[in-house]
There are 2 protein chains.
Amino acid sequence: MTDTAPRPTLEAVAARAGVSRATVSRVVNGGDGVREPLVERVRRAVEELGYVPNQAARSLVTRRHDAVAVVVAEPETRVFADPFFALQLRGISKELTAHDNQLVLLLTEGRDDHARVGRYLAGGHVDGALVFSLHLDDPLPELIQRAGVPTVFGGRPGWSDGTTDVVYVDSDNRGGAREAVRHLVGLGRTRVAHITGALDQTSAADRLDGYRDVMGDADPELVVRGDFTPAGGERAMRELLDRCPDVDAVFAANDLTASGALRVLRERGRRVPEDVAVIGFDDMLPVAEQTDPLLTTVRQDIEEMGRLMARLLLRDLDRRSGGATPAGVVLPTTLIRRASA
Amino acid sequence: MTDTAPRPTLEAVAARAGVSRATVSRVVNGGDGVREPLVERVRRAVEELGYVPNQAARSLVTRRHDAVAVVVAEPETRVFADPFFALQLRGISKELTAHDNQLVLLLTEGRDDHARVGRYLAGGHVDGALVFSLHLDDPLPELIQRAGVPTVFGGRPGWSDGTTDVVYVDSDNRGGAREAVRHLVGLGRTRVAHITGALDQTSAADRLDGYRDVMGDADPELVVRGDFTPAGGERAMRELLDRCPDVDAVFAANDLTASGALRVLRERGRRVPEDVAVIGFDDMLPVAEQTDPLLTTVRQDIEEMGRLMARLLLRDLDRRSGGATPAGVVLPTTLIRRASA
DNA sequence: GTGAAAGCGCTAACAA
DNA sequence: TTGTTAGCGCTTTCAC
């Protein structure tokens, strides 16, 4: 481990360049309003001394941190079993670094973690927060509201009644689900089932709504509850086959669920897609492209969602937005046809 | 989005409690050397005003940030296809928050990102760094050394010659590989192949070494190069079957590779484990527990690795460690026997 | 044990 | 255009 060296200050650079601190500061912050020869001299001094501004000192006066907190509430380990989280993070990271902002990651695992996050956000360490509000009963949004930090949510928050001014980015879960089910119907399937996700998340509820939009009058027995995991998909598929042996199509709430369903289907000797057509949701490549047969699914651009969240937040932070920030942004989905339906 | 409220300062608390700023500061930082009644009064004032210390101001004088950077160099998208990254992050996060440190995530995607990270680290925003040095030719370590930030590496850095004082945490890749291959040999297999990982990473090189420790005198044709991906596993397995049709066991560099190999084996009509036994590495649950048959593999405790990295770094930061920090810590692995071998 | 005072390194009026 | 000056909110000697 290396030792920490004493860093040169603005003062030192000023002395070396033979100018005042203010001038150095100007140059360092863009150099507007400083004559070229001086700029040059200061730049050289900065270079020679290896000067890097002290962020703490700067923040103290500007009240800006150029840092954004990303809060991932994950009581369960599910997030860690699929690349969703990582992809979104990458999108966020790209956008943030493009605007010279840092990403402070706050992972919460339990109740006491919530308090810690609340304190941190209230502590004014960051300019804003990006929050993944995963469950209906999550206390986090409440805490954040109170902390008074500009925030953008990932996924439509369940507690938002639409009248408040929560900003969020979401996929068109309902529309995507509709498209998937319509595709199944278009294939001539008449007994189209749905394995839901964890229904305390709006994404799962919305996909179920989409299914019902198309299959509203269908046998309610065809809807089985899942939980977004492969194991849940297996369980649900078994239940489904027992309950409705004549099922000829399944719309699974996500790819992981579909992969579990696929396994059970094979185990029970049903051919896919001949006997039962299967569609997933997400287009999680490592899953959808590894199933047998390859999975037909509804793609959502996860990385873009992350990027968009960051962009929305940053725009709000630079109060340039004459008009109000849009309350919710919903990204389109696309059906990716492979072999399973 | 909520608006930012004016935060109360130390001064305000002092006024309200009828004491000096110094006293409030003492109480806020533990309250040593302040008489009980005063402590009480200050605490109440803090409570009533909802005072939270301004970290920037504090850092400015203490030169501490209570923040650690986590640098993940990932030119490829591989990290995002398996949960490795997320698990390690979680371990790190747990340990860090337990010690009131924040996690600043630095994702790098290309050359220019390296410069940015170097600048950030040199900028003294964080007290230390946790770095995943994934490839042999990575310029990052160099940059970090120059930035002079205390650092712990995840995985043995390839450029470390053992004499320098780099601190790292790694799994016993070589020992784990040996155990896997020995298990295969113990099963009576004589044509034991190895599909390697990306050999510009020490983990892959070490696993290959472990294989050779046991199979040193084996047919060199039995070693095929992979890249830690399922696709790479498929490719390698095909090559292997063409080259050595009599292969009766495969040690894959990781579970993802094994899953690809398994697929090809099935496609070619080889029974697992009867005809060909297969072992993976990692015990990545979402992969190892979804394969058919269930994958026998070598487990490494990834979350613990992350936790340990953080612990090592924090210990070094509180210069309490009388003795030197250990150069490298190597965690043991365990063979998890399932159905494939 | 408590308070007064001096900065930490920087930006942003305001003067010159 | 450039420099002077006054803090930002906090910790930390040093007196009392």
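So that the names make sense, note that chain A is the first sequence line, chain B the second, and so on, each numbered from 1. Quick caveat, the model's predicted, so the values are computed rather than measured.
No salt bridge links Arg26(A) with Asp32(A); every basic N to acidic carboxylate O contact stays at or beyond 4.0 Å. Salt bridge annotation for Arg44(B)-Glu47(B): absent, with no cationic side-chain nitrogen under 4.0 angstrom from a carboxylate oxygen.
When all heavy atoms are compared, the tightest approach of Val104(A) to Tyr120(A) is CG1-OH, 3.5 Å.
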Interface polar pairs with nucleotides 1-5 of chain D, N/O, under 3.5 angstrom:
{"from": "dT2(D)", "atom 1": "OP2", "to": "Arg35(A)", "atom 2": "N", "distance (Å)": "2.5"}
{"from": "dG3(D)", "atom 1": "OP2", "to": "Ser20(A)", "atom 2": "N", "distance (Å)": "3.1"}
{"from": "dG3(D)", "atom 1": "OP2", "to": "Ser20(A)", "atom 2": "OG", "distance (Å)": "3.2"}
{"from": "dG3(D)", "atom 1": "OP2", "to": "Thr23(A)", "atom 2": "OG1", "distance (Å)": "2.6"}
{"from": "dG3(D)", "atom 1": "N7", "to": "Arg26(A)", "atom 2": "NH1", "distance (Å)": "3.4"}
{"from": "dG3(D)", "atom 1": "N7", "to": "Arg26(A)", "atom 2": "NH2", "distance (Å)": "3.4"}
{"from": "dG3(D)", "atom 1": "O6", "to": "Arg26(A)", "atom 2": "NH2", "distance (Å)": "2.6"}

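Between the C1' atom of dG7(C) and the CG atom of Leu60(B) lies a distance of 9 Å, rounded to the nearest Å. Gln55(A) has its CD atom 14 Å from the C1' atom of dC8(D), to the nearest Å. One interatomic measurement links the two molecules: CG of Leu10(A) to P of dA12(C), which rounds to 12 Å at whole-angstrom precision. Distance NE2 (His65(B)) to P (dC8(C)): 16 Å, rounded to an integer number of Å. The CZ-C1' distance, from Arg58(A) to dG7(D), rounds to 17 Å in whole Å. The CG atom of Leu49(A) sits 14 Å away from the P atom of dG9(C) (whole-angstrom rounding). Here the P atom of nucleotide dG3(C) and the CD atom of Glu11(B) are 13 Å apart, to the nearest Å.
Arg64(B) and Asn101(B) share no side-chain donor-acceptor pair at under 3.5 Å.
A distance of 14.0 Å separates CG in Leu312(B) from CZ in Arg307(B), rounded to the nearest 0.5 Å.
Put simply, the residue from Leu106(B), Ile144(B), Val152(B), Val72(B) that forms a side-chain contact (heavy atoms from CB on, under 4.5 Å) with Val131(B) is Ile144(B).
Regarding contacts with the backbone of dC8(C), every side-chain N or O of Asn54(A) stays at 4.0 angstrom or more from both OP1 and OP2. OP1 or OP2 of dT11(D) has at least one side-chain nitrogen or oxygen of Ser25(B) nearer than 4.0 Å. A sub-4.0 Å separation between OP1 or OP2 of dT11(C) and a side-chain N or O of Arg64(A) is absent.
Projected onto DNA chain C by closest heavy-atom contact, Val61(B) and Asn29(A) fall at different nucleotides, the more 5' of which corresponds to Val61(B).
A distance-only check finds no donor-acceptor pair linking the side chain of Thr108(B) to the backbone of His114(B) [under 3.5 Å].
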